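Here is the structure we will look at.
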Amino acid sequence: MCNDFTFSIIKPNAVRTGKTGPILAMINENGFEIEAMRMVKLTVQQAESFYAVHRGKSFFEGLIEFMTSGPVVVMILRHEDAVDQFRKLIGATDPAKAEPGTIRRTFAVSIQMNAVHGSDSPENAVRESNFFFSEIEKYC
Ligand code: UDP
Ligand code: MG
């Protein structure tokens, strides 16, 4: 299995407002290699399955509506200690609590529309990558 990779999504608000380029630049400047990338529009079923762990929470329905509101960019990113390093680069879920210089602090507009997703564990990086990319697209 591949090590040292994580899975990321540039969320609809960021894509819609032209932040894809600036976010990709920050990702590259911080030493992450983009290994696979695609623009997709999630179906409700896909979004619900991707975020299944949050089903039943107060923000779940709003999150699904938001994540299916327009195209997103899905990516596999390579870096040493990729999951933790990328969570550091994106910052806290709530942009008000994210450190200056993080992607969320820079580009998020709310806790929901927080610009990017990053996997929270290597196991979830595998699970989430498999959602969108076939084995043949992953170079190990
Ligand atoms: N979210 C939200 N309201 C909240 C918490 C989370 O709308 O109070 C959204 C937000 O887009 C977040 C996603 O749900 O990125 C998943 O939540 P999680 O707690 O897993 O945060 P993350 O792992 O993305 O930092
Ligand atoms: Mg999470």
Side-chain angles (χ1 to χ4, degrees):
M1 194 55 225
C2 312
N3 287 320
D4 293 344
F5 76 93
T6 191
F7 173 79
S8 176
I9 301 179
I10 303 178
K11 297 188 180 185
N13 67 301
V15 172
R16 191 182 299 124
T17 58
K19 302 302 190 305
T20 302
I23 289 172
L24 291 176
M26 268 178 92
I27 288 171
N28 281 148
E29 281 156 14
N30 282 275
F32 289 83
E33 268 179 66
I34 299 168
E35 181 153 306
M37 179 165 69
R38 167 176 317 131
M39 185 176 261
V40 291
K41 189 165 183 298
L42 301 183
T43 63
V44 169
Q45 204 175 18
Q46 281 175 318
E48 284 182 347
S49 178
F50 187 83
Y51 280 120
V53 69
H54 294 304
R55 189 182 281 280
K57 295 184 186 168
S58 59
F59 62 82
F60 183 73
E61 285 183 11
L63 175 63
I64 300 309
E65 196 174 324
F66 164 56
M67 288 301 294
T68 57
S69 67
V72 298
V73 176
V74 295
M75 296 176 278
I76 296 175
L77 302 175
R78 184 169 293 282
H79 192 284
E80 196 184 331
D81 192 20
V83 167
D84 287 348
Q85 292 306 313
F86 192 64
R87 293 285 296 197
K88 268 190 199 138
L89 177 60
I90 67 180
T93 309
D94 180 353
K97 296 182 184 143
E99 298 287 327
T102 60
I103 294 177
R104 282 172 166 170
R105 178 70 173 261
T106 309
F107 296 108
V109 296
S110 69
I111 191 167
Q112 179 190 72
M113 299 189 188
N114 59 3
V116 283
H117 167 84
S119 306
D120 63 5
S121 69
E123 294 71 27
N124 280 336
V126 172
R127 173 188 171 266
E128 294 171 358
S129 302
N130 286 341
F131 240 88
F132 297 100
F133 297 101
S134 64
E135 279 305 317
I136 203 163
E137 292 169 288
K138 296 175 207 159
Y139 311 100
C140 297

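Position 1 is the first residue of the sequence; numbering continues from there. Since this is a predicted model, take the numbers as computed values, not measurements.
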Quiz item: When you look at Ser69 and Arg16, which way does the side-chain hydrogen bond (donor to acceptor under 3.5 Å, both in side chains) test go after all the steps?
Solution: CA-CA 10 Å; Ser69 67; Arg16 191 182 299 124; 2.8 Å; yes
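- One N or O on the side chain of Asn114 and one on the backbone of Ile111 form a donor-acceptor pair closer than 3.5 Å.
- For residues 92-112, no pair satisfies side chain to side chain donor-acceptor pair (under 3.5 Å), with sequence neighbours left out.
- Scanning both residues, Arg87 and Asp120, for their nearest heavy atoms gives NH1-CB, 3.9 Å.
- Residue Leu89 shares its hydrophobic cluster (ILVMFWY side chains chained together at separations under 4.5 Å) with Ile10, Val15, Ile23, Leu24, Met26, Ile27, Phe32, Ile34, Met37, Met39, Val73, Met75, Leu77, Phe86, Ile90, Ile103, Phe107, Val116.
- Ala82 and Thr6 get closest at one heavy-atom pair: CB-N, 3.7 Å.
- Here NZ of Lys11 is found 10.5 Å from CE of Met113. Values are rounded to the nearest 0.5 Å.
- By the 4.5 Å heavy-atom criterion applied to side chains, Glu128 and Ser8 are not counted as neighbours.
- A centroid separation of 6.0 Å or more is found between the aromatic rings of Phe5 and His79.
- Put simply, Ile9 and Phe60 are part of the same group of oily side chains (I, L, V, M, F, W, Y) that touch within less than 4.5 Å, one to the next.
- Among residue pairs with one or both ends in residues 42-69, those qualifying as salt bridge (Lys or Arg N to Asp or Glu O under 4.0 Å) are Glu48-Arg55; sequence neighbours excluded.
- One distance of note links OG of Ser121 with CG of Asp84; it measures 9.5 Å at 0.5 Å rounding.
- Aromatic ring centres of Phe7 and Phe131: separated by at least 6.0 Å.
- Although no hydrogens or angles enter the test, the distance criterion places a donor-acceptor pair under 3.5 Å between the side chain of Thr68 and the main chain of Ile64.
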Quiz item: Please walk me through it: do Leu42 and Phe50 pass side chain to side chain contact (heavy atoms under 4.5 Å, CB included)?
Solution: CA-CA 10 Å; Leu42 301 183; Phe50 187 83; 5.7 Å; no
